[in-house]
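When a residue number appears, it is its place in the shown sequence, counting from 1.
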Amino acid sequence: MIGSNLPRDWVSHIGKDDTISGRDLVVQFDPDKLRQASQHLPEMKRLNGLLAAAQRGIRFSGATAQRAARLLETIGKFDGLEKLIRFLSLLELMADSEEYEVQSSPEFAPNIDAVALNTMQRAILHIHGHFTEKIQLPDVASVANMSTNKFSRFFSKNTGRSFTDYVVSLRIGRACRLLSESDKSVIDSAISTHCALDYTGGFVVGVG
C-alpha cells in the first residue's frame with residue numbers, strides 16, 4: 001500500500017520482449033475522501049492509522065497478503081455497492097493486520113518536483129539497463145548531470161536507500177530468477193549478474 005507522492009518502482013526480471021499477464025493490478029483512491037467519510041461514519045476512523053502508515057509505504061506478508069490479493073483480484077469484477085464493499089473489506093483486512101513492514105523511515109522526505117522526477121527517471125533507467133555490468137556511482141551521477149557526492153545524497157533522499165543497496169537488490173533478484181528459471185549454475189548466475197561467491201557457495205553482491 002503506497003501513499004500519495006511516495007516514489008516507487010516495480011521490478012520484474014524478465015527478458016526484453018517478455019510480458020507478464022496481470023503483472024500490475026492497482027486500486028487508486030483518495031485517502032482524504034475516506035477521512036471525510038469518517039466524520040459521518042465513525043466506523044471508518046479505524047482506517048486512519050492505516051492511511052497514515054501508508055504515507056511511508058506498507059508491505060504486507062503471510063496470510064494477509066494472500067487474502068488481500070484475492071480480494072484485490074475480485075474488486076474489478078463487480079459494480080456498485082458490491083465493489084465498494086469489497087474495497088472496504090480490503091482496507092479493513094489491512095488495517096487489522098500485524099503482518100506488515102513499513103518501507104521507509106519517518107525522516108524520508110523525497111523531492112517530488114518535476115525536475116527531480118525527471119532526473120531520477122534518467123538515473124533509474126540507466127541503472128536498470130546496466131546493473132548486470134560493471135556500474136559505479138560516478139557513472140550514474142554523470143547521467144544525472146551531478147557530482148558524485150550530490151547524486152549520492154539525491155538518490156538516497158528520493159529512494160530511501162543507498163545507490164549500492166539499490167543495485168545489490170536488483171542483482172540478487174536477477175540472480176535468483178536465473179537460478180530458478182534456467183539451467184545456469186550458481187557460478188554462471190553469479191558471473192552474469194556481476195555477483196561474487198563466498199566460500200559457502202552463497203552470493204556476495206557488490207557494486208562495481
Heavy atoms only: give me the nearest [X]-[Y] pair and the separation to one decimal.
| X | Y | value |
| --- | --- | --- |
| Arg35 | Asp32 | NH1-OD1, 3.0 Å |
| Leu50 | Ala95 | CD2-N, 4.0 Å |
| Leu91 | Leu34 | CD1-CD1, 3.6 Å |
| Ser156 | Ser162 | OG-CA, 3.8 Å |
| Pro31 | Leu51 | O-CD1, 4.0 Å |

Within one Ile-Leu-Val-Met-Phe-Trp-Tyr cluster: [X] and [Y], side-chain cutoff 4.5 Å:
| X | Y | result |
| --- | --- | --- |
| Ile75 | Ile85 | no |
| Val143 | Leu170 | no |
| Leu81 | Leu90 | yes |
| Phe29 | Leu88 | yes |
| Leu125 | Phe131 | no |

Tell me, do [X] and [Y] make a side-chain contact under 4.5 Å, heavy atoms counted?
| X | Y | result |
| --- | --- | --- |
| Phe60 | Glu101 | no |
| Leu137 | Ser152 | yes |
| Met94 | Ile58 | no |
| Ile135 | His126 | yes |
| Leu25 | Glu73 | yes |
| Phe163 | Ile127 | yes |

Is a side-chain donor or acceptor of [X] paired with a backbone partner of [Y] at a separation under 3.5 angstrom?
| X | Y | answer |
| --- | --- | --- |
| Ser97 | Leu93 | no |
| Glu98 | Asp96 | no |
| Thr74 | Leu71 | yes |

So CG of Asn118 and CE of Met120: to nearest 0.5 Å the spacing works out to 11.0 Å
Rounded to the nearest 0.5 angstrom, the CE-CZ distance for Met1 and Arg56 is 14.5 Å
Taken in chain and number order and not counting sequence neighbours, the residues that satisfy side-chain contact (heavy atoms from CB on, under 4.5 Å) with Leu41 are Glu43, Met44
side-chain contact (heavy atoms from CB on, under 4.5 Å) filter on Asp79, not counting sequence neighbours, yields Lys83
For Phe78, the ring-ring contact (aromatic ring centres under 6.0 Å, His included) test, sequence neighbours excluded, returns none
Residues at least two apart in sequence or cross-chain that pass side-chain hydrogen bond (donor to acceptor under 3.5 Å, both in side chains) with Glu99, listed by chain then number, are Thr64
Contacts of Asn48 meeting side-chain hydrogen bond (donor to acceptor under 3.5 Å, both in side chains) (sequence neighbours excluded), chain-then-number -> none
In short, side-chain hydrogen bond (donor to acceptor under 3.5 Å, both in side chains) pairs touching residues 137-149 with sequence neighbours left out are none
Over 60° means perpendicular and under 30° means parallel, so tell me whether Tyr166 and His128 are parallel, tilted or perpendicular. tilted
### Task
Kindly assign one of parallel, tilted or perpendicular to the pair Phe155 and Phe151, based on the angle between their ring planes and the thresholds 30° and 60°.
tilted
Could you check whether atom [atom1] of [X] has more than 12 heavy atoms from other residues, nucleotides or ligands sitting under 6.0 Å from it?
| X | atom1 | result |
| --- | --- | --- |
| Arg86 | CZ | yes |
| Phe87 | CZ | yes |
| Arg59 | CZ | no |

